[in-house]
Amino acid sequence: MNKIKVGIVGTGGISNLHMVGYRNLDNVEVYAVCDINKERAEAFAQKYAIPHVFSDYNEMLKLKELDAISVCTWNNGHAPVSIAALNAGKHVLCEKPLAMNTKEALEIQRAAREGGKILMVGFVRRFGQNTAILKEFIDKGYLGDIYYAKTGCIRRCGNPGGWFSDKKKSGGGPLIDLGVHMIDLVRFLMGKPKAVSVYGATFDGIGPRSHIKALNRYKPMDYDEFCDVEDLATAMIRFENGAVLYVETSFSQNIKDDFLFLDLYGTKSGAMMEPKLEIYSELEGYLVDITPRYSAESDVFTANFKREVAHFIDCVQGKVECLNPVEDGVEIMKILDAIYESAATHREVILK
């Protein structure tokens, strides 16, 4: 059996989760790795027994044997690397967000369409067990028409620093890093309606809190304390079907505990997906709460990445239609851009 040969660009923390996914598949060989830090790329290659190492992704893309790549760079590398790979005839799994802005996202979409290759966006939360279960209930009509949703990912002291808090590398703060997942997840569950207007606000009065003691905090490679991104972002998003989404996300916020939430409100039932899965409805004239029971995975994050990577390879082989196509990444970038624009202008933004 000829194995699908994959290259990885960027060897930060997320690349290890991609590797777990690829190594879980018998029909895949990770054939090459690239990082602007050659020593880091070599260490990654040694760890995972990858035969080819590069510090320039353009050189890596000259390998005719490569079928596909994972883009695991800083956000400002997503567009140039993805476009170069698509132009070189490779399929691409690009980490979220798709790009730094809508303009770049549209350029990626154009390259994918012109080259006839798959560009799959790394919306990994779509592959969660709870997502699949709730989506089944929704698709079978149990919730009725979903008219309102609330979601967010809130951190009290969770600014990672490094590239995450450098706008030139990340494009923004918690909105583009955490909010992108939550907005996409709600839109996916609702059947991917188009956003038509946005009102948003951002705040930056707290900062990275690097002086806080006695906390175990995630720090990326090449960590530093520089920060020019928002502490908190919040927005109201209206969709073409009349539904409204409220979203809130933060790196730094004066609250008691970190909190993840996702609630949907339908005409027949409501549902909570985070922090746990429950459905709220009525039956025979009684209010009822439904808790789907399923065997929870011990490492949800890793399991989601395994399913995401397996789906990407199935797409490369033409077995299935891509669940996370480039068009979805473009729509989310339009929403993120609109939130940042609204926050800067203090006005509602109408999306075309």
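Heads up: numbering here begins at 1 and tracks the sequence.
For H18 and E95, the side-chain atoms include at least one donor-acceptor pair closer than 3.5 Å. For T73 and Y57, the side-chain atoms include no donor-acceptor pair closer than 3.5 Å.
I4 and V92 are not part of a single hydrophobic cluster, where members link through side-chain heavy atoms under 4.5 Å apart. Tracing side-chain contacts under 4.5 Å through hydrophobic residues (I, L, V, M, F, W, Y), one reaches M182 starting from L277; they form part of the same cluster. Taken together through direct or relayed side-chain contacts under 4.5 Å among Ile, Leu, Val, Met, Phe, Trp and Tyr, I69 and I108 form part of one hydrophobic cluster. Linking Ile, Leu, Val, Met, Phe, Trp and Tyr whenever their side-chain heavy atoms come within less than 4.5 Å puts L260 and F123 in one cluster. Residues V81 and I14 are members of separate hydrophobic clusters, defined by side-chain heavy-atom contacts under 4.5 angstrom among Ile, Leu, Val, Met, Phe, Trp and Tyr.
Looking at K194, its side chain does come within 3.5 Å of a backbone N or O of K352 through a donor-acceptor pair. Without hydrogens or angle criteria, S342 side chain to R347 main chain gives a donor-acceptor distance under 3.5 Å. Side-chain atoms of N324 come within 3.5 Å of backbone atoms of V121 as a donor-acceptor pair (strictly under, hydrogens ignored). Checking side-chain atoms of R217 against main-chain N and O of N159 turns up a donor-acceptor pair under 3.5 Å. The closest donor-acceptor contact from the side chain of R187 to the backbone of A195 lies at 3.5 Å or more, if one exists at all. Judged by distance alone, with hydrogens and angles left aside, the side-chain atoms of H78 form a donor-acceptor pair with the main-chain N or O of P97 at under 3.5 Å. Between the S165 side chain and the F226 main chain, a donor and an acceptor come within less than 3.5 Å of each other. Side chain of D204 to main chain of E230: no donor-acceptor pair is present (N/O by atom type, distance under 3.5 Å, no hydrogens or angles). Remark: the backbone N or O of G207 is paired with a side-chain donor or acceptor of D231 at under 3.5 angstrom. In this structure, D35 contributes its side chain and R40 its backbone to no donor-acceptor pair below 3.5 Å.
Using a 4.5 Å cut-off on side-chain heavy atoms (C-beta onward), C153 and E274 make no contact. Using a 4.5 Å heavy-atom threshold, the side chains of W163 and N75 count as touching. Put simply, the side chain of Q253 reaches to within 4.5 Å of the side chain of E248, judged on heavy atoms.
Between the CG atom of L336 and the CE atom of M100 there is a distance of 12.0 Å, given to the nearest 0.5 Å. With rounding to the nearest 0.5 angstrom, the OG atom of S250 is 5.5 Å from the CD1 atom of I255. To the nearest 0.5 angstrom, I332 atom CD1 is 12.0 Å from F188 atom CZ. Residue D145 holds its CG atom at 4.5 Å from OG1 of T267, rounded to the nearest 0.5 Å. Once rounded to the nearest 0.5 Å, the distance linking CG of D228 with CG of D166 reads 5.5 Å. Atoms CG and CZ, on L143 and F137 in that order, are 9.5 Å from each other to the nearest 0.5 Å.
Look at D177 and K96 and you find a salt bridge, because one of the NZ, NE, NH1 or NH2 atoms lies within 4.0 Å of a carboxylate O, short of that distance. Classification of E297 and R307 as a salt-bridged pair holds, one side-chain N sitting under 4.0 Å from a carboxylate O. A salt bridge between R125 and D184 is absent, with no side-chain N of the basic residue lying under 4.0 Å from a carboxylate O of the acidic one. With salt bridges taken as basic N to acidic carboxylate O contacts below 4.0 Å, none links E341 and K334.
Closest approach of F127 to M120, counting heavy atoms only: CZ-CE, 3.8 Å. The heavy-atom pair separating G172 from K167 by the smallest distance is N-CG, 4.1 Å. In terms of heavy atoms, M273 sits closest to N130 at O-ND2, 3.5 Å. When all heavy atoms of P220 and P160 are compared, the pair lying nearest together is CD-O, 3.1 Å.
Using the six-membered ring where Trp is involved, H52 and Y31 have ring planes that are tilted, between 30° and 60° apart.
Cation-pi check for K150 over F261 is not met; the charged atom does not lie both under 6.0 angstrom from the ring centroid and within 45 degrees of its normal.
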